[in-house]
Protein chains: 2
Amino acid sequence: MQDVQEPAAWGGVEPEAAQRLLTAGVEAFAERGYHATTTRDIAGRAGMSPAALYIHFKTKEELLFRISRVGHERARAVIAAAAESEGTAGERLACAVRAFARWHAEHHTTARVVQYELAALGEEHYAEIVALRREIDRLVRGIIEDGVRDGEFAVADVPGTALAVLSLCVDVARWFSAAGSRPPEEVGSLYADLVGRMVAAPDVRDARRHGPQE
Amino acid sequence: MQDVQEPAAWGGVEPEAAQRLLTAGVEAFAERGYHATTTRDIAGRAGMSPAALYIHFKTKEELLFRISRVGHERARAVIAAAAESEGTAGERLACAVRAFARWHAEHHTTARVVQYELAALGEEHYAEIVALRREIDRLVRGIIEDGVRDGEFAVADVPGTALAVLSLCVDVARWFSAAGSRPPEEVGSLYADLVGRMVAAPDVRDARRHGPQE
DNA sequence: GTCTATACGATGATAGAC
DNA sequence: GTCTATCATCGTATAGAC
């Protein structure tokens, strides 16, 4: 939504060297996974010696945590902007899904770390991240509940549907590859349309038929 | 579809000790990830010494490969059964999604290894697995194409929608937990309904409104 | 803040007795 | 086929010079 490029996106984090390590960490973790990544590799990508990492981060796990927290905060901001915007529930949900799916495509390397390396976090760090994830879940569920209340959506299982919607977007980080895939905006549009169909009440369905589908 | 329990499901694999190692491997890999799992851990869970693993598998990676291959073959069988069954495209797609989503819930520990540890495979093994994955993709895309041809589905972007459908099911392995989640059959039903809505043409939508939704 | 050097444990895998 | 013992390597993290 706001930021453009993957790297250099560590909004004013400490010294510049720490930013380089964060960027190197994201790339390495996304490519090979947290456990398969060595501190030597991270430091090397950042153009430093292995020891330099420990000047800026207490442990390798703390580096992961910092990446994960910033990533989750960005993801939440993307959803929050849509959830708090003006418009019907259908419009807000479409906006949220479009932005969230797109974010996972555009920042698939960050997103991969954010979504698939949770288990590597220490207990306390994990708890902090889970709180952020719950907020994201709550925001999406809220939009769906609004739509149901207004009769715009027909959804029997709201928590299950919210889970499915988030799950669909999150998994973009798994399959998306910058090279072979369609452009991120297209993923966003496709997904917004698919989710719209998933929740729409029968009456409003005809009104929705102006999107990319058909 | 056919098998019931997670363990003891290594249909006639070599000696019994190899089965124990496969089961131990699935559990360990699913819990902690391939790279974070030690051969000592696997062997320990199987009640053997670390060295015993190398009698039955050349390397730790080969153990992963064997798990992944069997898992993928099972997943493909689940989809294939639905794809080749009698019925309309809508019925076959619902059946496929119900079974596939359910499989990922029921066998979420195997599924987690199958879906999230691909990057740890060696080059040749990886290629073999990718071929299996392509078959699964082709089966789902085929059902959707059938539905579009029959006018039962209204789907503008067939490959994208097939990808989304598979992605939705696959991600069940990430979030499903045997303890806290709804039962696997419920996941299957919910997902079959959601996907049905995603693809249905406007005309047939009223006819579909008998599922768990509303 | 960054480097070189290194401690120290753990890891994948093998040798050889039984 | 399984074990005990062990190798060679590599992992995270620290010490101390600059």
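Just so it is clear, the values below take in all heavy atoms, side chains as well, and ignore hydrogens, waters and symmetry mates. Chain letters run A, B, ... following the sequence lines, proteins first and then strands; every chain starts at 1.
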Could you give the NZ-to-C1' distance, from B/K60 to C/dA13, as a whole number of Å?
12 Å
Picking from C/dG1, D/dT2, D/dA5, the nucleotide nearest the side-chain atoms of B/A51 would be D/dA5
Among C/dT2, C/dT11, D/dG1, the one nearest any side-chain atom of B/T38 is C/dT11
Regarding B/E145 and B/R149, does a basic nitrogen lie under 4.0 Å from an acidic carboxylate oxygen?
no
Atom CG of B/L63 and atom P of C/dT11: how far apart are they, to the nearest Å?
16 Å
Test: B/K58 cationic atom under 6.0 Å from B/F65 six-membered ring centre, within 45° of axis
no
Indicate whether OP1 or OP2 belonging to C/dT2 is found under 4.0 Å from a side-chain N or O atom of A/H56.
yes
Measure the acute angle between the ring planes of A/H104 and A/F100, then classify it against the limits of 30° and 60° as parallel, tilted or perpendicular.
perpendicular
Between C/dA10 atom C1' and A/H35 atom NE2, what is the distance in whole Å?
14 Å
Is B/S49 close enough to D/dT4 that one of its side-chain N or O atoms is under 4.0 Å from OP1 or OP2 there?
no
note: A/E16, atom CD; C/dG1, atom P; distance rounded to Å ~ 11 Å
For the pair A/D137 and A/R134, find out whether any cationic side-chain nitrogen is under 4.0 Å from an anionic carboxylate oxygen.
no
Nucleotide D/dG1, atom P - distance to CD1 of B/I55 in whole Å
8 Å
What's the CE-P distance between B/M48 and C/dA13, to the nearest Å?
16 Å
Phosphate-side-chain proximity, A/Y54 and D/dT14, N/O vs OP1/OP2 below 4.0 Å:
no
Charged N-O contact under 4.0 Å between A/E152 and A/R92
no
Could you give the CG-to-P distance, from A/L53 to C/dT2, as a whole number of Å?
11 Å
Whole-Å distance, A/F57 CZ to C/dT2 C1', equals 15 Å
Considering every strand and a 4.0 Å limit on heavy-atom distances, what is the contact class for B/A52: base, sugar-phosphate, or nothing?
sugar-phosphate
